[in-house]
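In this chain, numbering begins with 1 at the start of the sequence shown. Excluded from the calculations below are hydrogen atoms, water molecules and symmetry mates; all remaining heavy atoms, backbone and side chain alike, are included.
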Amino acid sequence: MDSDLIKLVNKLQDTFHNLGGELDMPQLVVVGSQSAGKSSVLETIVGRDFLPRGSGIVTRRPLVLQLIHSPVPEDNPPPYTEWGQFLHLDKRFTDFDEIRKEIEQETLRVAGQNKGISKLPISLRIFSPNVLDLTLVDLPGLTKIPVGDQPSDIERQIRNLVSDYISKANSVILAVSPANVDLANSESLKLARSVDPQGRRTIGVLTKLDLMDAGTNALDILTGRVYPLKLGFIGVVNRSQQDINSSKSMSDALESETEFFKNHPAYRNIAHKNGTKYLAQSLNKVLMNHIREKLPDMKARLNTLMGQAQQELNSFGDAAVFGDKNQQGGLILRLMTQFARDFISSIEGTNVDVSTKELSGGARIYYIFNDVFGQALLSLNATQNLDNQDIRTAIRNSTGPRPSLFVPEVAFDLLVKPQIKLLEAPSLRCVELVYEELVKICHNCTSVELQRFPRLHAQLIEVVSDLLRERLGPTSEYTQSLIDIQAAYINTNHPAFIAGSAMAAAQAQSPPRIQPPPRPASAEPLNGHAHIDDDEADVSDSNASTSSVIPPRSDARSVSSTVHDRTRTSTSKAIKHPKHMSSHHPSQPPPRPHSSTGAPGSSPPSARETFLNLFFGQNGTAPVSNSAAAERTHPSSSSSNGIVPIGRDISGEDPSLTAGIMSGTRAMDGNSTAYEMKSLGRHIEAIPTDGSGLTMREEMEVNLIRSLITSYFGIVRQMILDLVPKAIMHLLVNHTSQQVQNRLVASLYKPELFAEMLNEDEALVAERTRVKALLDAYKEAFKTLSDVNLKAS
């Protein structure tokens, strides 16, 4: 039964080595310094020369050596009784020299030529009737200084490799130390003590006892009085290099070793507890006891590994559904529903896997609406791309051959529509950004089960992407139509625009006028009563005064007349009557119809009066002399006869422009005035020829147009800022969420596509096969261990 334990462990070790299992098997790990005699100990135990030899580091990969006792049948003996077999080769080696060559070649193949080491082990099984069942791991020898082509950190690499093996609780440490070196300098015992401070799973092996100085011996070490170990020390005598060169046989070496211990005066009393044979028997017994001790832990570990493997296998799904069309259809429909549910929940923010580190899903769409799109619209300046020349040109062109008495409304329409078009590009870009986010959400909708079928996942993404592309066009067209609708009809009757127009008219007031001198004594109030404000006088007589000046209204409207109409009610309410003015003074004479508004004691002019005074003067009965005002402000802008230039020809000199039908009359009467009147060029700017600044009237008109454009642009911007997100949500986001399930079913739920879409990833199939084989191995090992316990009981 004991031999069955070691064979069981060897079988499990082979199985998990191929499948990549995580079960730590009980094994003997050989640790020692370079040239301490580790390889010689192993060869003596096996009874064959099969390990590489040479100077420096020779063992550069872990060698997992499984010794299997195979008795020779008496009735039909085979042609060979000893052979070796590697796990990476399906071949039996009867020549042990070939085994040595294969170890060297396999080491070079993985570890390279530069004397480096590798953690990838070489597994070798040796079948022989002369060995006991053992499992040993030969590790590279510990070194201090890199020699030759060895890496500079060779010491650290070897120590890390050795520590990985001996730190496992199921490993028994075989610490090999030469007897001719002070035990306090033993690197193997130092490493073993770091992971096994109590010495419970460490066996000490002393080599080179025959090479100690004369008069010295290792009796105190072997008896445990110097360095106590629970499993003790065992001394061995290996073949010397001279014995190897002279091809001394293993049997002769074992006899020489036995004679050495029997005849040595210090070791003769403990000869039966030393030697290679005793070492092999002790290792076999220690290993079996260790396996028996670790069986409960191994079973518990196997239970855990089986649960993990079963859970991993379940995540890969069952391959049995691929043969049944009904099961395939049900699986595809379930995955479609889950995909659509994940897509919708990601948009609505109800997904259970919502990130707490960054915005995701629908929150990113809100970020586009509020931060990206909102900031883009608010950063637009209503009149940034309009200079005074553009505004003056629009005003001139909209009045035709007539001089403008008021600011024409056509000019306002002409200028405000291109400004409204500035909102089109950010709005369309907002649609594109939301579309991109929906595509990202679609790609992020996946699950572990859906990852099994990459083609199905790709088809789901493609169908949803097609649906999004279909909705992108109508959404962009509707968004563009929102801008076109705003530009198609300029609603100057908007309540917010009426208030803005009144403010614009007030802001367009001419510069402060010089205050006239105080009224004469005859204008003072009579009998000590205060007079009626001039504001009210102007308002009360406004109809009479303006009707005598303003010409009959034609078809063409103007911005100033529109402002006048809309502010009539609001401005009249703004006029405040003095408290002392009442019906108790009927004898008070009415105010003069043309009293000055700038007189002391009068109230500030209203928006209506301010706007009208710009065109009709202070009292509203006669037009203001703009030419005189401009002449005072810009003396060089007007000629002696009062004509103000309104444009400049920038076409350049052209000989064809100097010739005309009147050119021949120049020499007849000596008058060149008609000849100097050249034909007009192609480009004429709406600015004075002398390049002077704007007149007072022109500056007022430009400022008024700017204020009105800013007011109306702000109204449209707020409407677009509100309507575009609503349109995107309705036409793109909500429509896609409502139709995604139906579109997936209509496009992909077709029996002829089931087999293609359920084609699994090759890597996943291979991984599932591996996990299934590993699970089966775990179950078989657990069953075997249970049988061993039953036999032991």
Side-chain angles (χ1 to χ4, degrees), residues 347 358-394 411-441 472-492 494-508 559 699 701-733:
I347 295 176
E358 61 181 1
L359 296 180
S360 61
R364 296 173 66 92
I365 297 178
Y366 173 73
Y367 175 80
I368 294 174
F369 290 155
N370 186 72
D371 290 24
V372 180
F373 180 58
Q375 292 297 332
L377 291 192
L378 294 178
S379 65
L380 292 176
N381 190 344
T383 60
Q384 184 177 5
N385 58 340
L386 290 178
D387 53 15
N388 294 339
Q389 179 180 346
D390 297 333
I391 299 176
R392 291 300 306 144
T393 303
F412 171 71
D413 290 353
L414 183 65
L415 291 171
V416 77
K417 288 181 179 180
Q419 303 308 109
I420 294 176
K421 285 291 186 180
L422 295 177
L423 302 172
E424 181 177 340
S427 301
L428 294 178
R429 181 56 181 163
C430 181
V431 177
E432 295 177 356
L433 291 177
V434 174
Y435 166 77
E436 293 174 0
E437 286 303 321
L438 291 176
V439 172
K440 293 178 183 177
I441 292 174
L472 178 61
T475 306
S476 299
E477 292 176 1
Y478 183 80
T479 302
Q480 188 172 5
S481 69
L482 291 176
I483 310 298
D484 296 338
I485 289 171
Q486 296 296 332
Y489 178 70
I490 307 301
N491 181 20
T492 56
H494 195 279
F497 183 66
I498 293 175
S501 302
M503 294 178 61
Q507 292 175 359
V559 175
E699 184 176 359
E701 292 174 344
V702 169
N703 291 336
L704 179 60
I705 289 291
R706 286 187 182 274
S707 300
L708 295 178
I709 291 176
T710 301
S711 175
Y712 195 80
F713 183 84
I715 296 172
V716 177
R717 175 167 52 191
Q718 290 299 324
M719 296 175 64
I720 295 300
L721 190 59
D722 179 63
L723 291 177
V724 168
K726 292 179 178 178
I728 295 175
M729 287 299 299
H730 174 67
L731 297 174
L732 182 62
V733 180

Indicate yes or no: at least one non-hydrogen side-chain atom of [X] is less than 4.5 angstrom from one of [Y].
X      : Y      : value
Ile365 : Phe369 : yes
Asn381 : Thr383 : yes
Glu701 : Arg392 : yes
Ile709 : Phe412 : yes
Thr475 : His730 : no
Ser427 : Val431 : no

Could you report the tightest heavy-atom contact between [X] and [Y], atom names first, then the distance?
X      : Y      : result
Ala496 : Ser711 : O-OG, 4.2 Å
Lys421 : Ile483 : CA-CG2, 4.2 Å
Ala727 : Leu482 : CB-CD1, 4.4 Å
Ile441 : Gly361 : CD1-CA, 3.6 Å

Between Asn385 and Gln419: side-chain donor-acceptor atoms closer than 3.5 Å: yes
Separation between [atom1] of [X] and [atom2] of [Y], rounded to the nearest 0.5 Å:
X      : Y      : atom1 : atom2 : result
Leu708 : Arg706 : CG    : CZ    : 12.0 Å
Ser360 : Lys440 : OG    : NZ    : 12.5 Å
Leu428 : Leu433 : CG    : CG    : 11.0 Å
Ile420 : Leu415 : CD1   : CG    : 11.5 Å
Leu731 : Glu477 : CG    : CD    : 10.5 Å
Asp387 : Thr393 : CG    : OG1   : 8.0 Å

Stepwise side chain to side chain contact (heavy atoms under 4.5 Å, CB included) check, Ile368 with Cys430: CA-CA 7 Å; Ile368 294 174; Cys430 181; 4.1 Å; yes
Main-chain N/O of Tyr478 paired with Ser481 side-chain donor or acceptor, under 3.5 Å: yes
Under 3.5 Å: donor-acceptor pair, side chain of Asn370, backbone of Tyr366: no
CA sep, side-chain torsions, deciding dist, call: Lys417, Gln486, side chain to side chain contact (heavy atoms under 4.5 Å, CB included): CA-CA 8 Å; Lys417 288 181 179 180; Gln486 296 296 332; over 6 Å; no
With sequence neighbours excluded, residues passing salt bridge (charged side-chain N to carboxylate O under 4.0 Å, His left out) with Glu436: Arg429
Could you pull out every donor-acceptor pair under 3.5 Å between side chains of residues 713-726 and any protein atom, sequence neighbours left out?
residue: Arg717; atom: NH1; partner: Leu377; partner atom: O; Å: 3.1
residue: Arg717; atom: NH1; partner: Leu380; partner atom: O; Å: 2.8
residue: Asp722; atom: OD1; partner: Lys726; partner atom: NZ; Å: 3.4
residue: Asp722; atom: OD2; partner: Lys726; partner atom: NZ; Å: 3.0

Close aromatic pair by centroid cut-off 6.0 Å: Tyr489 and Tyr712: no
